Amino acid sequence: MLDRINQLVEEIKALQASSAEEAEQLRIKYLSKKGLVSQLFDEFKTIANDQKREVGQVLNQLKVLTQDTITALKETHEGSQAATSGLDLSAPGVTLPLGSRHPLSIVKNEIADIFARLGFNIAEGPEIEDDYHVFTALNFPPEHPARDMQDTFFIATNPDILLRTHTSSVQVRVMEKQQPPLRAIFPGRVFRNEAISARAHCIFHQVEGLYIDKNVSFADLKQTLLYFAKEMFGADTKIRLRPSYFPFTEPSAEMDISCTLCGGKGCNVCKYSGWVEILGCGMVDPAVLDSNNIDSKTYTGFAFGMGIERITMLKYQIKDIRLFFENDVRFLNQFKSAY
Ligand code: PHE
């Protein structure tokens with residue numbers, strides 16, 4: 001029997017097939033129930049016990065060799081068959097184009113990440129607001145120009161309902177719900193009745209920050225914003241605070257950073273001043289704390305608000321704010337980021 005097995009091994013090694021059908025015929029010849037290899041397995045039962053081990057081993061090797069050889073023959077022909085039918089099984093797969101995050105989302109996430117490292121969490125409020133949360137609770141006098149029809153979108157049937165003009169309304173929403181210590185940022189969309197140009201849009205995005213606790217000082221505000229500027233724009237970035245006015249902060253300031261394009265030497269982005277404005281900020285006005293049931297004798301706080309479009313334009317040197325809202329994929333595809 002060993003001789004016949006060895007003979008078959010040689011035969012199998014020399015097998016050839018010119019088509020997949022021929023290979024299938026070979027499979028039937030050798031491996032089907034009555035095939036030559038299978039017949040040997042039947043005979044194996046009659047072999048003397050002391051030979052079973054040796055013969056069994058070579059017989060199994062023969063079976064594996066036959067299976068592998070015939071499968072390989074089949075595969076070569078199946079491949080070429082596919083080729084003549086116009087299918088190239090070796091062609092690389094079609095890669096689906098990956099989307100990318102909107103640049104404003106990338107920068108918003110990056111801002112959130114920087115402030116998370118300082119212990120700020122995230123809160124949100126409604127885009128459709130009432131006069132109380134956007135203006136009254138923030139100490140805006142009734143005749144303040146920001147309430148004017150020219151700046152604010154009102155709901156036609158009810159002048160008390162409006163689209164929020166800033167995310168500072170979320171300060172009020174948060175103070176209503178929570179007593180200090182309080183440390184959070186509020187990203188969101190805001191609306192202003194402005195003519196659309198390369199530098200202004202009627203819809204844009206802000207990130208507001210609010211920190212209220214015992215002994216919060218202007219130095220804390222400055223250091224927090226310096227940390228933010230360096231993390232966002234690079235370690236060489238400098239900041240400058242200029243006195244300003246907001247009804248809900250006292251004192252108030254506007255913050256400039258050293259120009260991201262020229263580094264402070266002067267260029268057309270910073271209008272040759274070396275500085276660009278990025279946010280408004282200040283110490284929360286005690287009147288705002290008190291009207292929101294936070295004791296201004298015990299607590300102090302700071303707040304700031306920045307436009308995400310502006311930060312993004314400076315970071316990526318984008319010259320026209322309208323690009324953010326056109327959703328041209330040629331523009332959007334340029335932003336690949338970890339955020
Ligand atoms: N809400 C102000 C604006 O939209 C920015 C600001 C926020 C200023 C918080 C001071 C404190 O211009």
Side-chain angles (χ1 to χ4, degrees), residues 104 108 111-112 115 118 120 122-127 129 131-141 144-148 150-153 162-175 182-194 199-212 216-218 220-226 228-229 239-257 276-289 291-292 294 296 299-313 321:
L104 294 176
K108 179 191 76 183
I111 295 170
F115 283 104
L118 296 173
F120 285 76
I122 295 178
E124 277 176 1
E127 294 176 351
E129 262 292 9
D131 179 278
Y132 174 80
H133 289 89
V134 178
F135 298 126
T136 307
L138 288 166
N139 212 23
F140 277 82
H144 194 282
R147 294 174 177 243
D148 202 306
Q150 266 99 59
D151 295 304
T152 309
F153 287 114
L162 44 91
L163 299 180
R164 65 179 179 194
T165 54
H166 55 181
T167 44
S168 301
S169 54
V170 190
Q171 286 191 34
V172 181
R173 295 257 164 214
V174 167
M175 286 189 264
L182 208 155
R183 197 172 355 169
I185 58 165
F186 324 129
R189 198 155 53 149
V190 300
F191 309 84
R192 285 183 199 175
N193 194 358
E194 275 183 44
R199 298 177 55 83
H201 211 287
C202 57
I203 301 177
F204 58 101
H205 299 77
Q206 289 187 326
V207 174
E208 188 91 3
L210 180 67
Y211 179 22
I212 304 174
V216 176
S217 71
F218 199 92
D220 296 323
L221 169 63
K222 185 179 174 188
Q223 197 58 33
T224 302
L225 294 178
L226 176 64
F228 165 73
I239 64 165
R240 177 172 88 168
L241 290 162
R242 282 180 289 104
S244 184
Y245 174 78
F246 300 101
F248 41 95
T249 47
E250 181 59 36
S252 304
E254 270 159 326
M255 188 176 96
D256 300 338
I257 57 166
V276 277
E277 184 194 321
I278 63 159
L279 57 80
C281 61
M283 301 307 291
V284 180
D285 194 308
V288 171
L289 293 176
S291 72
N292 288 291
I294 291 174
S296 64
Y299 295 108
T300 52
F302 66 70
F304 56 86
M306 63 184 95
I308 306 181
E309 280 78 359
R310 192 168 177 77
I311 306 276
T312 311
M313 288 169 84
I321 195 171

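Indexing begins at 1, ligand by ligand and atom by atom, following the structure's order. The structure displayed is predicted, hence computed values, not measured ones.
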Could you tell me which non-hydrogen atom of [X] sits nearest to which non-hydrogen atom of [Y], and how far apart they are?
X	Y	result
Gly305	Glu208	CA-OE1, 4.0 Å
Phe120	Ile185	CD2-CG2, 3.9 Å
Ala303	Leu210	CB-CD1, 4.1 Å

Which of the numbered atoms in ligand 1 are under 4.0 angstrom from any heavy atom belonging to [X]?
X	answer
Ser168	1 (N), 7 (C)
His166	1 (N), 4 (O)
Cys281	8 (C), 10 (C), 11 (C)
Gly305	6 (C), 7 (C), 9 (C)
Phe304	7 (C), 9 (C), 11 (C)

**Item:** Closest candidate by heavy atom, reference atom 3 (C) of ligand 1, pool Arg164, Glu208, Arg192
**Value:** Arg192

Any side-chain heavy-atom pair from [X] and [Y] closer than 4.5 angstrom?
X	Y	value
Leu104	Glu309	yes
Ile321	Met313	yes
Asn292	Gln171	no

Close approach of [X] to ligand 1, heavy atoms, under 4.0 angstrom:
X	result
Gln206	yes
Phe248	yes
Glu254	no

**Under 3.5 Å: N/O of Thr165 near N/O of ligand 1** = no

**Message:** Working to the nearest 0.5 angstrom, can you tell me the gap between Met283 CE and Asp285 CG?
**Reply:** 11.0 Å

**Prompt:** Under a 4.0 Å heavy-atom limit, does Met255 contact ligand 1 with its side chain, its backbone, both, or neither?
**Reply:**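 For Met255, no heavy atom sits under 4.0 Å from ligand 1.
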
**Asked** Do the ring planes of Phe135 and His166 sit parallel (below 30°), tilted (30 to 60°) or perpendicular (above 60°)?
**Response** tilted

